[in-house]
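Encoded as structure tokens, the structure appears first; notes follow it.
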Amino acid sequence: ELQRLPEETVNLFKAAFTAGVVGWLYGGLPAFAGARKAFIERSHGELFQNRADAVQSAHRAGLRSFIRYGWRWSWRVAAFATIFNVVSTGLSVYRDKTTISNFAAAGGFTGALFRMHLGLQGLAGGIVFGTAFGIPAGGLLIALHSLAGETLQEKRNRERRELYEQKLAEWQSRLSVTEVLGQTENNTQGGLKMD
């Protein structure tokens, strides 16, 4: 209706990107430090042209690990956060209210999905683990929305009401123009009959 993506969809993309960056940093920074340290420990017997060459080689080794391990964490964290947000947002939009139970269900579903390959015990553990982390995450998000002053549902309802009022005003203005044209046409036809 508004000729743009819904705010929930934009928030999903933002959350997925942010989770990817956070995952990359979470996996990449320790890997960078560990690989750099391991390179320095292994390379005591190597000959380098100068100190800058040695430092550059250590940084290259660290950067390779940063990219490799950062990518491994990045896509996993982004996938987890995206699935969690899709389920919780979908439940919130479907039910037209945001509650802790939406986040608990999303956490349980996501945890079960990521632990399904471990069998029935992994599935049950994923549900418990996901639900246990979904509840505080949901509480935090609800608290942040309340600090913002307007929840997404309130904003969506306000925008729908404003759009409805705008379309109603446009329709009434078109209707009044049609009535004026009708009166003008009747007056014209009445004037012709008199002649």
Side-chain angles (χ1 to χ4, degrees), residues 4-44 46 48 50-93 98-119 121-148 151-152 155:
R4 64 175 188 217
L5 286 175
E7 187 173 358
E8 291 86 357
T9 306
V10 174
N11 288 343
L12 288 174
F13 288 125
K14 288 179 183 178
F17 178 77
T18 303
V21 169
V22 168
W24 202 302
L25 293 174
Y26 180 78
L29 290 178
F32 177 85
R36 189 169 177 269
K37 184 178 178 184
F39 180 83
I40 291 170
E41 290 173 358
R42 282 193 324 258
S43 65
H44 283 297
E46 288 186 37
F48 294 100
N50 53 32
R51 179 172 165 75
D53 185 37
V55 170
Q56 189 177 28
S57 295
H59 281 307
R60 273 196 304 265
L63 186 59
R64 281 192 303 270
S65 289
F66 177 80
I67 292 170
R68 180 183 306 132
Y69 293 105
W71 168 249
R72 287 181 185 175
W73 274 95
S74 176
W75 77 263
R76 289 179 175 128
V77 172
F80 188 88
T82 302
I83 293 169
F84 176 83
N85 284 326
V86 164
V87 173
S88 66
T89 302
L91 287 172
S92 294
V93 169
T98 303
T99 61
I100 296 288
S101 63
N102 294 349
F103 295 101
F109 177 78
T110 308
L113 190 65
F114 272 77
R115 293 294 170 207
M116 187 184 338
H117 69 282
L118 298 176
Q121 288 178 336
L123 185 74
I127 290 171
V128 170
F129 184 75
T131 303
F133 280 101
I135 291 171
L140 178 65
L141 288 172
I142 289 172
L144 289 175
H145 282 296
S146 67
L147 288 176
T151 65
L152 287 176
K155 183 177 181 182

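Because the structure is a prediction, the values reported are computed rather than measured. Values below: all heavy atoms of this structure, side chains included; hydrogens, waters and symmetry mates excluded. One is the number of the first residue; the rest follow in order along the sequence.
Annotation: ring pair (Phe, Tyr, Trp, His ring centres under 6.0 Å) contacts of F17 (sequence neighbours excluded): none. In this view, F80 and F114 satisfy the ring pair (Phe, Tyr, Trp, His ring centres under 6.0 Å) rule, not counting sequence neighbours.
The heavy-atom pair separating A61 from A35 by the smallest distance is O-CB, 3.7 Å. The minimum heavy-atom distance between V86 and L12, with the atom names listed, is N-CD2, 3.7 Å. Contact detail for S92 and N102: the closest heavy-atom pair is OG-ND2, 3.1 Å. Nearest heavy atoms, A112 versus I127: CB-CG1, 3.5 Å. In this structure, A104 and I135 approach most closely via the heavy-atom pair CB-CG1, 3.7 Å. Pairing each heavy atom of T82 with each of A16, the nearest pair is OG1-CB, 3.1 Å.
Considering OG1 of T89 and CZ of F84, their distance stands at 9.0 Å, rounded to 0.5 Å. Considering OG of S146 and CG of L141, their distance stands at 11.0 Å, rounded to 0.5 Å. Note that CD1 of I67 and CZ of R72 are 13.0 Å apart. Values are rounded to the nearest 0.5 Å.
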Pair T98-F103, side-chain contact (heavy atoms from CB on, under 4.5 Å): steps then yes or no: CA-CA 9 Å; T98 303; F103 295 101; 3.6 Å; yes
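Across W73, Y69, W71, a single residue satisfies ring pair (Phe, Tyr, Trp, His ring centres under 6.0 Å) together with Y26, and that is W73.
In F66, the CZ atom is crowded: over 12 heavy atoms of neighbouring residues, nucleotides or ligands sit closer than 6.0 Å.
Of the possible polar contacts, none joining the T110 side chain to the G107 backbone as a donor-acceptor pair under 3.5 Å is found.
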